[in-house]
Amino acid sequence: MTDEAQPLGIIAGSGAANLLPDLGQQTRIDSDTPYGTTSAPIYQSNFHGAVVCVLNRHGEGHTIPPHRINYRANILAIAELGCEVVIAIATVGGIRGDLNSGDLLIPDQLIDYTWGRESTFFDGADGAGVGHLEMTHPYCHTLRNLLLQAAANANVRVHDGGVYAVTQGPRFETAAEINRIENDGGDVVGMTGMPEAALAAEKRICYASVNLVVNPAAGRGDQDITMDEIRDSWNIGYENLCKLLKESIRLYATLGTKSWLPNSQIMQM
């Protein structure tokens, strides 16, 4: 790497602590922002020549439910550390018939069913004015391609493309709600994809997600969802997820000061 890349952000979800030891020695960063504190300290390390900043969106010990995550503080803190690129990890339920527990999917679209969450930096409250985010393509094409290339390099099977439906949580969905989401075009269902993706775009962060399928969605399996099933899927999927992340970091480091821009645009009157 001839030119040093900007730090790479990783926002990790359930079971994120499993990832931290794999990235070597970490420096703890406690962040306070105008929107409050982050879900957890950010842990910074150097891996394959890249500075990596990891944040657990659910807090240390998984103490924060999806609807109470301070998404604005998390994204602002990551941005202020200089991260122009963020890989977001999310556990999801599989709706589409070819998705099995333990599978990895790199989505290319979103449906937002959440409500009541602080979802924008452009609310007029901080003097920054009101902005309108154009979000036809919610995930960064360049980063998605890097993740797909990393998967191929690491011999990790991933599903390329899919619609991530984001529900409010913290409860799981009913079978009827999953039927509705499937009719809407959803392929997987989770609880944290929004407003995280939109806030990242507002901060001009190149953002993409890796989804780990940990259970069939409600009504799609032979039995009700259990935590034992979810934990078993974590154990199956995290080995491949870690391989994918390590190779993604290595590829990112080789690109140096490449310009990273999100697909979305901000329009202000």
With side-chain hydrogen bond (donor to acceptor under 3.5 Å, both in side chains) as the criterion, how do Gln168 and Thr114 come out once you've worked through the C-alpha distance, each side chain's angles and the decisive distance to 0.1 Å? CA-CA 5 Å; Gln168 178 71 358; Thr114 66; 4.6 Å; no
If you look at every heavy atom in [X] and [Y], which pair is closest and at what distance?
| X | Y | answer |
| --- | --- | --- |
| Pro195 | Glu118 | CG-O, 3.6 Å |
| Thr192 | Ala90 | OG1-CB, 4.1 Å |
| Ala73 | Thr37 | CB-O, 3.5 Å |
| Val85 | Tyr252 | CG2-CE1, 3.8 Å |
| Gly161 | Arg144 | N-NH2, 3.3 Å |
| Val156 | Leu104 | CG1-CD1, 3.8 Å |

With hydrophobic residues grouped by side-chain heavy-atom distances under 4.5 Å, do [X] and [Y] end up in a single group?
| X | Y | result |
| --- | --- | --- |
| Ile75 | Leu133 | yes |
| Ile95 | Met191 | no |
| Leu81 | Leu199 | yes |
| Ile205 | Phe122 | yes |
| Leu212 | Val210 | yes |

Taking it one step at a time, do Val158 and Leu105 satisfy side chain to side chain contact (heavy atoms under 4.5 Å, CB included)? CA-CA 5 Å; Val158 297; Leu105 179 140; over 6 Å; no
Rounded to the nearest 0.5 Å, what separates atom [atom1] in [X] from atom [atom2] in [Y]?
| X | Y | atom1 | atom2 | value |
| --- | --- | --- | --- | --- |
| Arg180 | Thr174 | CZ | OG1 | 9.5 Å |
| Leu244 | Ile89 | CG | CD1 | 8.5 Å |
| Glu196 | Arg72 | CD | CZ | 14.5 Å |
| Arg96 | Glu182 | CZ | CD | 11.0 Å |
| Tyr164 | Ile181 | OH | CD1 | 11.0 Å |
| Asp187 | Asp108 | CG | CG | 8.5 Å |

When the ring planes of Tyr139 and Tyr207 are compared, do they come out parallel, tilted or perpendicular, using 30° and 60° as the limits? parallel
Do [X] and [Y] make a side-chain contact, defined as non-hydrogen atoms from C-beta onward lying under 4.5 Å apart?
| X | Y | answer |
| --- | --- | --- |
| Ile10 | Val86 | no |
| His141 | Cys206 | no |
| His58 | Glu60 | no |
| Ser45 | Tyr43 | no |
| Ser248 | Ile87 | yes |
| Arg157 | Asn240 | no |
| Met194 | Arg117 | no |

Step-by-step side-chain hydrogen bond (donor to acceptor under 3.5 Å, both in side chains) determination, Gln149 to Asn145: CA-CA 6 Å; Gln149 184 60 57; Asn145 289 336; over 6 Å; no
Determine, step by step, whether Tyr113 and Val189 satisfy the side chain to side chain contact (heavy atoms under 4.5 Å, CB included) criterion, reporting the C-alpha distance in whole Å, the side-chain angles of both residues, the deciding distance to 0.1 Å, and the verdict. CA-CA 10 Å; Tyr113 296 99; Val189 60; over 6 Å; no
side-chain hydrogen bond (donor to acceptor under 3.5 Å, both in side chains) with Ser39: which of Thr63, Asn74, Asn70, Asn56? Asn74
Begin from the C-alpha positions of Asn100 and Val213 and carry the test side chain to side chain contact (heavy atoms under 4.5 Å, CB included) through to its verdict. CA-CA 7 Å; Asn100 299 310; Val213 180; over 6 Å; no
Between [Y] and [X], is the closest basic N to carboxylate O distance under 4.0 Å?
| X | Y | result |
| --- | --- | --- |
| Arg250 | Glu247 | yes |
| Arg204 | Glu84 | no |
| Glu177 | Arg171 | yes |

Using the ring of Phe47 (Phe, Tyr or Trp, six-membered ring only), decide whether Lys246 places NZ or CZ under 6.0 Å from its centre and within 45 degrees of its axis. no
Can you tell me if CG on Asp98 sees more than 12 non-hydrogen neighbours from other groups inside 6.0 Å? yes
Give me the one residue out of Ile42, Ile78, Leu76 that meets side-chain contact (heavy atoms from CB on, under 4.5 Å) with Ser31. Ile42
Go through it in stages, so that I can follow the logic: the residues are Trp260 and Leu255, the test is side chain to side chain contact (heavy atoms under 4.5 Å, CB included), and I'd like the CA-CA distance, side-chain angles, deciding distance and then a yes or no. CA-CA 10 Å; Trp260 298 86; Leu255 296 174; 3.6 Å; yes
In terms of SG positions, are Cys53 and Cys83 separated by less than 2.5 Å? no
I want to know whether Phe121 and Tyr35 have ring centres closer than 6.0 Å. yes
[Y] backbone acceptor or donor facing [X] side chain under 3.5 Å:
| X | Y | value |
| --- | --- | --- |
| Asn183 | Asn179 | yes |
| Glu173 | Ile178 | no |
| Thr38 | Pro41 | no |

Using distance alone, with no hydrogens and no angle criterion, decide if Arg28 and Gln44 have a side-chain donor and acceptor under 3.5 Å apart. no
Just by distance, no angles: are the side chains of Asn211 and Ser209 close enough, under 3.5 Å, to form a donor-acceptor pair? yes
